[in-house]
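By convention in this document, chain letters (A, B, ...) are assigned in the order of the sequence lines, proteins followed by strands, and residues within each chain are numbered from 1. In this text the structure is predicted, and so the values were computed from the model without any measurement. Just the heavy atoms: all of them, side chains too, but no hydrogens, waters or symmetry mates, feed the values below.
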Number of protein chains: 2
Amino acid sequence: MTSFSAAQRSRVTMLDVALHAGVSKASVSRFIGDDRALLSDAIALRIEHAINELGYRPNQMARGLKRGRTRLIGMLVADIRNPYSIAVMHGVETACRQHGYSLVVCNTDRDDEQERQHLAALRSYNIEGLIVNTLGHHLDQLLELQREMPLVLVDRKVEPLHSDLVGLDNPAAVRMAVEHLEQQGYRDVLLVSEATDGTSSRLERLESFKAEIARRPALTGAVLELDGALQNHLHTFLAKAGPKALFCANGIAALACTQALKALGCHLFEDVGLIALDDLDWYPLVGNGITALAQPTQAIGASAFDCLLKRLRGDTEPTRTLDFLPQLILRGSTTPCRSELAREKRQR
Amino acid sequence: MTSFSAAQRSRVTMLDVALHAGVSKASVSRFIGDDRALLSDAIALRIEHAINELGYRPNQMARGLKRGRTRLIGMLVADIRNPYSIAVMHGVETACRQHGYSLVVCNTDRDDEQERQHLAALRSYNIEGLIVNTLGHHLDQLLELQREMPLVLVDRKVEPLHSDLVGLDNPAAVRMAVEHLEQQGYRDVLLVSEATDGTSSRLERLESFKAEIARRPALTGAVLELDGALQNHLHTFLAKAGPKALFCANGIAALACTQALKALGCHLFEDVGLIALDDLDWYPLVGNGITALAQPTQAIGASAFDCLLKRLRGDTEPTRTLDFLPQLILRGSTTPCRSELAREKRQR
DNA sequence: CTGTTAGCGCATTCAA
DNA sequence: TTGAATGCGCTAACAG
């Protein structure tokens, strides 16, 4: 095992290729870049051979330094362990690779100080564009970055940042959920959400929910934020009469609710219906499965990158907001008919 | 909205700072770097002011070009949607940030061509070290990279690659699982694993399992690979007499098995016990919860980075293999006593 | 302690 | 078509 302290020195460079091929660096540069058309076939061939024999790889750092194009995209994620973030990131990454970009992922763990550090780091790497999926405190840094490069928000708005936004059509999603619950015969709906820490999508879902409930005389609705008392609150909710259901505003809420319901000894999902935003792979495993509104995360990620690319290519259109629609995935947790039957059977 | 085609040009550079502070670039460089001790307080202060006023950020690309140190670590992941990979990545990322490194994540989606592309890209960015959690086909590229930088394998060995390896102590883990099942009174154990595509950890678990069964006269064991016929195979297994249990070799297998058992109408987990490697957040939700062997993913990720850092600092010790022990997390899926009771109650 | 100088690897003028 | 020269932003000798 050798030391790597100065490993870079040993790498084959453009000069090596030029010497090996008996041409100038400029020609090699042209071969590497988009000016290959300017080269005679003979020279191009010699260069190609030299490159292959030496295993030459152009140094992106140097290219970036010269041209100002690093082919690097940064992504700031609030919580890398949230399946939604991962799914979107997967979409972004795929799009990046397809267009010759690489992705620098920065997870903030919902921590402002980490967000600050990462933003500083990203700037220092001359990334060409930034995808933001955090609360976006440190507005000053973000604004500074935005002056230097295109920026696109994912899922959550950051108010003073006037930039493209890609995410879910929250009002539509909430309408789909509430409407589905109503159709299935539920009359009392409890929206369970993570704490409203300023995340715009959470707020939108909450507001839309209130509006949706107000529009539907047949329904009663309430809102609950996740906290230590979740189980108690659910206990109270379960004690109510009539067909009732939970609407979990994201995967985290769905996990917490399912856990709490289980702890309460609730028979899933006969005592209470459940519909959740986001579709996680374990939803089918609980009770008769959890009905979900799946977000098109792949498309969201790809679109985010696409926005960046458009801006990088000089698009100066006004900022856009891309709202995607979720897909209703029907499972057992919202079929009270069958559930009621089952309950009666048990009670007999 | 302005165009960003040549945005980089506008960034404030070291020269700007030097002029603004009335000093030389070298002094600014010393201030930025680790040579701040060489500067007089007066000059240091002037530089500091200039930096703050101008909002100067050193350009890592340029620094990297000069020093051969990019402060960039690459990570090659086989499947970014596997919770294990995410968890390890989270550990790596945390360690990176703590030491001033940034992480370039490359997901191969288990695809060899993508692995090739990513390896090429990583090389071109002059990353300082590489963490590999893939099958490692494209040995030529990997070997080439290994000549230029330290490399550490995570979870899976890549045979001809003589490098540090961080992962689970698979024999110990399997022993813990089998022993636990035996103690709980199970007699017939079925190991369920993903297809053995060459992943070393899968093979090790499989081999260890066979050895473990051979050592224990009280136990009978068999092995099953995930495929379309899983449900049929489990059906056959369930038909056997006596207390039996599944041992899922990872989270993917656990998900597939739980799904199949559910589809078979099996009463979880009274008809059959279940223990799973990896601890996913939904394990508590199924039946009385799924007993798990949790991997210390955070530690694994941190150690991987640590190996890299040691090598980068000149450590030339022989390659090490760091094996971590899992932690047994007891849940309802391996408590046949209670289960048997419940089953009898139901049958009455 | 501080400034001057000379590149790191590459792209891009400008001549030839 | 090709090559020589210049500089991207920064660090690392070397002098002073």
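- One can place CZ of B:Arg36 at 15 Å from P of C:dC1, the figure rounded to the nearest angstrom.
- Residue B:Arg110 holds its CZ atom at 9.5 Å from CZ of B:Arg81, rounded to the nearest 0.5 Å.
- Taking the side chain of A:Ser29 as heavy atoms from C-beta on, and the options D:dA12, C:dA11, C:dT2, the nearest nucleotide is C:dA11.
- Considering only side-chain atoms of A:Lys66, the nucleotide from D:dG7, C:dT2, D:dG9 that sits closest is D:dG7.
- Atom CZ of A:Arg71 and atom P of C:dC10 are 16 Å apart (whole Å).
- Remark: side-chain polar atoms of B:Arg156 are not paired, donor with acceptor, to backbone N or O of B:Ser201 under 3.5 angstrom.
- Comparing D:dG3, C:dT2, D:dT11 by their nearest atom to the side chain of A:Ser27 picks out D:dG3.
- Taking atom CE on A:Met14 and atom P on D:dG3, their separation rounds to 13 Å, with Å as the unit.
- Residue contacts shown for A:Phe31 are absent, as no nucleic acid heavy atom lies under 4.0 Å away.
- One atom, CD1 of A:Ile47, and another, P of D:dT2, lie 8 Å apart when rounded to the nearest Å.
- Look at B:Arg63 and you'll find a side-chain N or O under 4.0 angstrom from OP1 or OP2 of D:dT11.
- Remark: C1' of D:dC8 and CG of B:Asn59 are 9 Å apart, rounded to the nearest angstrom.
- Both A:Ile43 and A:Lys25 sit near DNA chain D, but only A:Ile43 has its closest nucleotide nearer the 5' end.
- When rounded to the nearest whole Å, the span between CG of A:Asp35 and C1' of D:dT1 equals 12 Å.
- At the phosphate of C:dG9, neither OP1 nor OP2 sits under 4.0 Å from any side-chain N or O atom of B:Tyr125.
- If you check every strand for non-hydrogen atoms under 4.0 Å, B:Val28 touches nothing.
- We find that CG of B:Leu15 is positioned 14 Å from C1' of C:dT4, with the value rounded to whole Å.
- Ion pairing of A:Asp112 with A:Arg116 is absent here, as no side-chain N (NZ or NE/NH1/NH2) approaches a carboxylate O to less than 4.0 Å.
- Contact annotation for B:Ser40: backbone-only contact, meaning every heavy-atom pair under 4.0 Å involves sugar-phosphate atoms and none involves a base.
- A donor-acceptor contact under 3.5 angstrom links the side-chain atoms of A:Arg30 to the base of D:dG3.
- Side-chain proximity of B:Leu65 to the nucleotides C:dG9, C:dA11, C:dG3 is greatest for C:dG9.
- Closest to the side chain of B:Ala26, from the set C:dA11, D:dC10, C:dT4, is C:dT4.
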* Please step through side-chain hydrogen bond (donor to acceptor under 3.5 Å, both in side chains) for the pair A:Arg69 and A:Asn126, ending with a clear verdict. => CA-CA 8 Å; A:Arg69 300 191 54 192; A:Asn126 282 20; over 6 Å; no
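- Atom CZ in A:Arg57 sits about 20 Å away from atom C1' in C:dC8, given to the nearest Å.
- A salt bridge links B:Glu144 to B:Arg123: one of the charged nitrogens lies within less than 4.0 Å of a carboxylate oxygen.
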